[in-house]
Amino acid sequence: DVLPALLHPDDFARMPALFAQMHALRDHETFVSVDRWRTKIGTYKTFRNRVLPFARHSDGRLASVLCISQDISHVIQAQDIILEQLRAIS
């Protein structure tokens, strides 16, 4: 399985719950998750994923989703710097 090798262990542990939430989506509902994915040099990048139902089986079960992922690593890094600076002045 590829996911355990690519996904941060803490985020991988949340996958069953995230997949359950995705499968419970109604048409036109959006699901948002934030996950860390391993780069080829072994570091992690943080992505915000927006998922919505794309197709369903004839019985209504989710067949496929459309997912848009955005690298937000720079946002997380900026937040960490700000928090560190706030701790230093308080």
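Since we're looking at a predicted model, the values are computed, not measured.
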Any side-chain heavy atom of [X] sitting closer than 4.5 Å to one from [Y]?
{"X": "Leu66", "Y": "Arg50", "answer": "no"}
{"X": "His28", "Y": "Arg26", "answer": "no"}
{"X": "Leu25", "Y": "Leu52", "answer": "no"}

For the atom pair [atom1] ([X]) and [atom2] ([Y]), what is the distance rounded to the nearest 0.5 Å?
{"X": "Gln21", "Y": "Phe31", "atom1": "CD", "atom2": "CZ", "value": "4.0 Å"}
{"X": "Cys67", "Y": "Met22", "atom1": "SG", "atom2": "CE", "value": "8.0 Å"}
{"X": "Leu62", "Y": "His23", "atom1": "CG", "atom2": "NE2", "value": "5.5 Å"}

- prompt: What residue pairs, at least two apart or across chains, pass side-chain hydrogen bond (donor to acceptor under 3.5 Å, both in side chains) with a residue in residues 79-90?
  reply: none
- prompt: Tell me, which pairs form a side-chain hydrogen bond (donor to acceptor under 3.5 Å, both in side chains) where one or both residues lie in residues 29-39, sequence neighbours left out?
  reply: His8-Arg36, Asp11-Arg36, Arg14-Asp35, Ser33-Asp35, Ser33-Asn49, Asp35-Asn49, Arg38-Tyr44, Thr39-Thr43
Should [X] and [Y] be regarded as members of a common hydrophobic cluster, given that ILVMFWY residues are connected when their side-chain heavy atoms come within less than 4.5 Å of each other, either directly or indirectly?
{"X": "Leu83", "Y": "Ile81", "value": "no"}
{"X": "Ile72", "Y": "Leu7", "value": "no"}
{"X": "Leu3", "Y": "Val65", "value": "yes"}
{"X": "Val34", "Y": "Phe12", "value": "no"}
{"X": "Leu6", "Y": "Ile41", "value": "no"}

query: Which atoms form the tightest heavy-atom contact between Ala13 and Pro16, and what is the distance?
result: O-CD, 3.5 Å
